[in-house]
Amino acid sequence: MYYLSTKTIEQAYHILTSGILKSPNDLLYFLILKACGINKLTYESMDNVKENGLYYASRLMSLFAPNEGYPNGGGLINPLDMKKWPGQPINDDLKKWVTSRLQNNVIGGGTQWRALLDMDAKDKKIKFKYDYVNILKKLALDSQTVNIVALAIWSHRFTSFEQRETVRELCDEFQRAYKLDLDELNIFFNRENTFDIEFSDSIYNSSMIRGLIGEVPENTWKQVNAPDKSNRDFVKWFSDDYSFSTRPVDTQEVSVSLIKNLLDSYYQVILEGPPGTSKSFYAGEIAKDYDEVFHVQFHPQYTYQNFIGGYVVDKTEVVYRQGVILKLLDNYDSNKKYIIIIDEINRANVSQVLGEVIQCMDRNQSVSIEADGVVRTIHLPKNIHIIATLNTTDRTLGTIDYAIKRRFISVYCAPEPRLLMDFCPSANFISLCDFLTRLNKKLTDVTGNKDLVVGHAVFLNDNVKIDGKYKWGFEEFRILYNYKILPMIEDYCSGNREMLEDIVGKKLSVQLDGSSFVDAICDFMEIVHD
């Protein structure tokens with residue numbers, strides 16, 4: 001088993017204590033309510049919070065590890081405001097805080113929670129109002145955001161791991177556990193990653209955190225009771241099996257294993273999506289498992305003769321040449337695994353290039369073709385797989401007809417800004433994950449087209465790769481934006497200046513230098529930069 005190291009958890013502690021939120025309790029309440037299923041769609045009972053809230057509150061608030069037992073009072077701290085003692089901790093035991101204090105503060109609390117919630121007072125049922133995000137932003141954040149990387153690490157300070165997880169995996173689990181949607185992430189949190197995450201073989205010593213808070217009143221810690229394992233309320237948190245597990249997501253994420261499984265079942269896969277979404281990377285990784293790889297690039301001049309075979313002009317002579325398919329079949333070995341990778345399949349006239357061989361993709365049919373004056377029958381065995389990539393952004397390319405498309409499994413590869421949390425440490429004052437998330441949301445909102453976005457691979461440039469990470473300095477990032485990202489957005493807008501400014505703002509709609517670029521990025525990200 002592995003545990004997050006002392007260095008990593010204390011780094012998270014110092015990041016969380018460096019910000020001063022306007023009302024950290026409001027944001028803490030919000031996180032616990034969201035985790036317990038309170039949302040803006042349906043009324044939920046506060047009894048759900050009593051039943052499930054202890055686990056989520058414990059992850060955020062407990063100052064005692066499960067193996068230490070549990071104090072009667074004073075064992076809690078608000079992780080969003082850990083700067084002094086004893087302003088926090090809250091002098092209640094955790095069960096009492098969740099089952100009574102949280103409920104009283106939310107349902108019977110001040111005007112701020114009346115502004116946030118629709119409440120059925122008789123049945124004690126609540127849901128968030130439609131505009132709760134902006135209301136809470138004004139109440140709790142006062143133009144600040146919380147570092148979700150630090151908060152996710154803090155929430156796993158007592159967790160055991162079967163393997164070393166990445167920052168992205170910890171944040172993904174935190175996002176799912178607390179049921180945070182994209183708007184909530186963008187408004188309440190930032191994903192600046194300055195962590196070189198480390199693991200240990202022993203659980204974190206929580207007395208060190210208690211010491212960091214300041215001088216602890218002696219009587220606060222006098223009575224510490226071992227947890228009652230028969231009490232169902234405490235089982236989730238105080239179980240010896242409190243361990244990390246990735247929770248299921250609503251949609252299946254694209255991965256090498258997913259594509260491999262589809263190839264084994266259906267033999268042909270098209271990886272579709274905007275440029276820079278790792279389509280070629282996936283194809284290359286999958287190809288490593290095959291004995292022979294045939295890599296071709298389709299383009300407007302690519303022909304049937306290139307792919308299947310046929311007569312071509314060689315200087316002054318007309319000669320017959322085998323294409324990729326006939327070469328493969330003439331040297332075919334049933335004990336080998338073959339893969340054909342077709343880059344940018346829609347750049348050629350696909351129906352013409354494949355010809356009658358498209359029928360062979362059903363794998364239960366054969367076709368007859370003429371090859372150098374001889375009629376031969378061919379079919380594609382099931383150990384010959386095909387991966388094609390397709391750029392969905394380029395509006396100048398032709399479409400693939402239904403007869404061909406239905407013989408391929410289509411996998412849509414969308415931008416994955418979260419990957420940048422692991423691969424790209426924060427560039428100076430911004431998180432590239434946050435920047436790309438915000439930029440792509442603006443692009444899709446304004447253009448109404450999910451394909452007119454920027455891919456994450458734009459930031460995976462070997463020119464800035466150091467020790468396995470892509471470390472973007474300010475000047476490198478400015479050049480990338482000015483000369484690659486901005487022209488891409490201008491092309492998506494087809495020269496429409498008003499649309500461009502709606503996406504990136506007036507300042508970032510032109511190439512900028514120095515402090516002007518800093519100010520424009522800060523305006524776009526809605527952050528304050530000294």
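Keep in mind the model is a prediction, meaning the values are calculated, not measured.
- Remark: K34 NZ to F188 CZ distance equals 9.0 Å, nearest 0.5 Å.
- For the pair Y29 and L102, the minimum side-chain heavy-atom distance is below 4.5 Å.
- Side-chain polar atoms of D26 and W113 form a donor-acceptor pair below 3.5 angstrom.
- Between T166 and D422, the side chains place a donor N or O and an acceptor N or O closer than 3.5 Å (distance only, hydrogens not considered).
- Side-chain polar atoms of H456 and S278 form a donor-acceptor pair below 3.5 angstrom.
- Counting heavy atoms of neighbouring residues, nucleotides and ligands inside a 6.0 Å radius, atom CG of D467 does not exceed 12 of them.
- Without hydrogens or angle criteria, N39 side chain to G37 main chain gives a donor-acceptor distance under 3.5 Å.
- Residues Y470 and L460 have side chains in contact (heavy-atom distance under 4.5 Å, counting atoms from C-beta outward).
- A 6.0 Å sphere centred on CZ of F423 holds no more than 12 heavy atoms belonging to other residues, nucleotides or ligands.
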- Walk me through it: do E173 and H156 pass the test side-chain hydrogen bond (donor to acceptor under 3.5 Å, both in side chains)? CA-CA 10 Å; E173 190 279 337; H156 286 294; 2.9 Å; yes
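- Considering CZ of R176 and CZ of F174, their distance stands at 12.5 Å, rounded to 0.5 Å.
- Other residues, nucleotides and ligands contribute over 12 non-hydrogen atoms within 6.0 Å of the NZ atom of K129.
- At least one donor-acceptor pair under 3.5 Å links the side chain of D181 to the backbone N or O of E184.
- N105 contributes atom CG, which lies 7.5 Å from atom CH2 of W97 (distance to the nearest 0.5 angstrom).
- Within the cation-pi definition used here (under 6.0 Å to the ring centroid, within 45° of the axis), K507 does not qualify as a partner of F517.
- The OG1 atom of T42 sits 11.0 Å away from atom CD1 of I126, with the distance rounded to the nearest 0.5 Å.
- A donor and an acceptor atom, one from each side chain of Y3 and D201, are nowhere located under 3.5 Å apart.
- Side-chain contact annotation: N190 with D434, donor-acceptor N/O pair under 3.5 Å absent.
- Not one N or O on the side chain of Q103 forms a donor-acceptor pair closer than 3.5 Å with the backbone of S100.
- Enclosure of atom NZ in K506 is not indicated, since only 12 or fewer non-hydrogen atoms of other residues, nucleotides or ligands lie within 6.0 angstrom.
- A cation-pi contact links K127 to Y43, judged by a cut-off of 6.0 Å to the six-membered ring centre and 45° from its axis.
- In terms of modelled atom types and a separation under 3.5 Å, the side chain of S516 and the main chain of L512 share no donor-acceptor contact.
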- Given N78 and N25, is the side-chain hydrogen bond (donor to acceptor under 3.5 Å, both in side chains) satisfied, shown in steps? CA-CA 7 Å; N78 189 328; N25 265 343; 2.9 Å; yes
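- Residue K471 qualifies as enclosed at atom NZ: its count of foreign heavy atoms under 6.0 Å is above 12.
- In this structure, T444 contributes its side chain and K441 its backbone to a donor-acceptor pair below 3.5 Å.
- Y130 contributes no side-chain N or O that, together with a main-chain N or O of L41, makes up a donor-acceptor pair within less than 3.5 Å.
- Remark: the backbone N or O of R59 is paired with a side-chain donor or acceptor of R157 at under 3.5 angstrom.
- Between the side chain of N134 and the backbone N or O of K137 there is no donor-acceptor pair closer than 3.5 Å.
- Checking E272 against T392 by side-chain atom types alone, no donor-acceptor pair falls below 3.5 Å.
- At least one donor-acceptor pair closer than 3.5 Å links the side chain of T437 to the backbone N or O of C433.
- Ring geometry for W154 versus Y13: interplanar angle of 30 to 60°, hence tilted.
- Taking the six-membered ring where tryptophan is involved, the planes of Y132 and F128 are essentially parallel, since the angle between them stays under 30° and well short of 60°.
- At distances below 3.5 Å, at least one donor-acceptor pair connects side-chain atoms of Y481 with backbone N or O atoms of L508.
- Considering CZ of R438 and OG of S431, their distance stands at 11.0 Å, rounded to 0.5 Å.
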